[in-house]
Amino acid sequence: MRIHSTIAGLRAALDDGGRVALVPTMGNLHAGHIALMTQARGQADTVVATLFVNRLQFRPGEDFESYPRTFADDCEKLADAYVDHLFAPTEAEMYPRPQGYHVEPPAEQAGILDGEFRPGHFRGVATVVMKLFQIVQPDVALFGKKDYQQLMIIRNMVREFNLAVEVGAGETVRASDGLALSSRNGYLGEAERAEAPRLFRTLTKVVEAIHAGNRDFSGLESEAMSDLARHGWVPDYVAVREKNDLQSPTAHDSGLVVLAAARLGRTRLIDNLEV
Ligand code: PAF
């Protein structure tokens, strides 16, 4: 695997790369990321992973400074997953001057759910992903379904800007107790780690209730939030939404997903389950 820290170096290396797949990451890689690399390997001649902790998508007071940075480990995992190129730029390379132009996703997509609790987050994500698309010029780019809203926003950005990239999705990878793998799981203390799978169990219960014919979505949402709160969580939301646009379900919904975000101690976890 070749490691590039400059845009010029990466571009020169990709000159004759055939079909290129991109997997953008912020590092601290786990099996979920590696599954995306494997998926990418099966779809392209050249696989490019990027590793960049993007300051633009963190709000003041969030965990930008403390976000786990495990470069040597990440390189080893990527090489083992047959990734061809790792682009790991410095902040000065990505943002040589303060970013003045931004991709602003519409409020009905970026101001709801996680966007309500992390204002500006998806603007930061869309802006860096647009930059990465321009830098790498991939034929296909892969994102995990764990960040369901991010995936929807990127798909819509690609469509509305007519970007020549296919967006692929990877299934959420879970620990054996159901907890969705996430770099932020590393923040959990021992007792919190034992409690954390409740988020997945809560989502599972909501999905089962919907399968059983319950259409009282707001009742299911508040029951789920109370259950989490009773066990020491501070839930931001549990929401039943339409899969394609994450709006509230209509009578003729086209498929549903249940999404949740909640804090356990100082760790904010998100998860979702398609119905
Ligand atoms: O999902 C992530 O890790 C990040 O939001 C992404 C897509 C790499 C952009 O910084």
Side-chain angles (χ1 to χ4, degrees), residues 4 7 10 21-37 39-40 47-59 62-71 73-75 77-78 81 83 85-91 93-95 99 102-105 109-110 113-115 117-136 138 140-158 161 163 165-173 180-187 246 259 261 267-272:
H4 311 270
I7 295 168
L10 176 74
L22 164 67
V23 185
T25 83
M26 297 205 301
N28 195 236
L29 304 178
H30 50 66
H33 294 109
I34 301 308
L36 287 175
M37 305 298 161
Q39 206 171 320
V47 177
V48 181
T50 66
L51 193 172
F52 180 64
V53 184
N54 172 38
R55 185 187 291 275
L56 279 193
Q57 69 191 72
F58 290 80
R59 298 199 4 104
E62 288 189 345
D63 55 347
F64 173 75
E65 303 295 345
S66 57
Y67 199 84
R69 288 156 171 91
T70 49
F71 186 72
D73 254 29
D74 292 344
C75 288
K77 289 178 183 164
L78 292 171
V83 167
H85 299 274
L86 170 62
F87 177 54
T90 59
E91 227 176 325
E93 182 73 3
M94 281 300 274
Y95 300 122
Q99 184 76 16
H102 294 90
V103 178
E104 186 77 69
Q109 290 167 31
L113 301 169
D114 248 43
F117 293 90
R118 304 182 71 190
H121 168 66
F122 289 113
R123 173 196 213 238
V125 170
T127 301
V128 80
V129 170
M130 178 65 101
K131 282 172 76 93
L132 291 171
F133 283 175
Q134 299 313 309
I135 293 166
V136 178
V140 57
L142 296 172
F143 298 86
K145 281 195 191 177
K146 159 103 184 343
D147 294 299
Y148 210 86
Q149 188 172 7
Q150 165 173 288
L151 175 64
M152 173 199 69
I153 287 171
I154 291 166
R155 280 194 197 286
N156 289 342
M157 175 180 88
V158 163
F161 282 115
L163 304 181
V165 55
E166 287 163 38
V167 176
E171 294 302 325
T172 299
V173 178
L181 298 193
S182 159
S183 302
R184 290 189 169 103
N185 293 350
Y187 299 152
L246 300 185
L259 308 103
T267 309
R268 185 174 185 277
L269 298 177
I270 64 171
D271 199 355
N272 65 78

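Counting convention: from 1, in listed order, for ligands and their atoms alike.
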Asks: In terms of residue, atom name and distance, what is the protein heavy atom nearest to atom 3 (O) of ligand 1?
Replies: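 Minimum-distance protein heavy atom for atom 3 (O) of ligand 1 reads Met26 CG, 3.6 Å.
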Asks: Under 4.0 Å from ligand 1, counting heavy atoms only, is it the side chain of Thr50, its backbone, both or neither?
Replies: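 Answer for Thr50: neither.
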Asks: Quick one: which ligand 1 atoms are inside 4.0 Å of a heavy atom on Pro24?
Replies: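 Per the distance check, 8 (C).
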Asks: Gln150 heavy atoms, cut-off 4.0 Å: which ligand 1 atoms fall inside?
Replies: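 Per the distance check, 1 (O), 2 (C), 4 (C), 5 (O), 7 (C).
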Asks: side-chain contact (heavy atoms from CB on, under 4.5 Å) between Gln57 and Val129: does it pass, once the steps are laid out?
Replies: CA-CA 11 Å; Gln57 69 191 72; Val129 170; over 6 Å; no
Asks: Is there a side-chain contact between Val173 and His30 in this structure, where contact means two heavy atoms from C-beta onward sitting under 4.5 Å apart?
Replies: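 A side-chain contact under 4.5 Å is absent here.
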Asks: Check ligand 1 against Gln57 and write out every atom of the ligand that is under 4.0 Å from a heavy-atom position of the residue.
Replies: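 Checking each atom against Gln57, I get 4 (C), 5 (O), 9 (C), 10 (O).
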Asks: Under a 3.5 Å distance rule, please check whether Asn54 uses its side chain to pair with a backbone N or O of Met26 as donor and acceptor.
Replies: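 Flag not set: sc Asn54 to bb Met26 has no pair under 3.5 Å.
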Asks: If the condition is salt bridge (Lys or Arg N to Asp or Glu O under 4.0 Å), which residues does Arg268 pass it with, not counting sequence neighbours?
Replies: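 Testing Arg268 for salt bridge (Lys or Arg N to Asp or Glu O under 4.0 Å), a comparison that skips the adjacent residues, returns Asp114, Asp236.
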Asks: Less than 4.5 Å apart, side chain to side chain, heavy atoms only: is that true for Pro89 and Ile7?
Replies: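 No, every pair of side-chain atoms sits at 4.5 Å or beyond.
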Asks: Short list, please: which atoms of ligand 1 are under 4.0 Å from a heavy atom of Val128?
Replies: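 Selected atoms, number and element: 9 (C), 10 (O).
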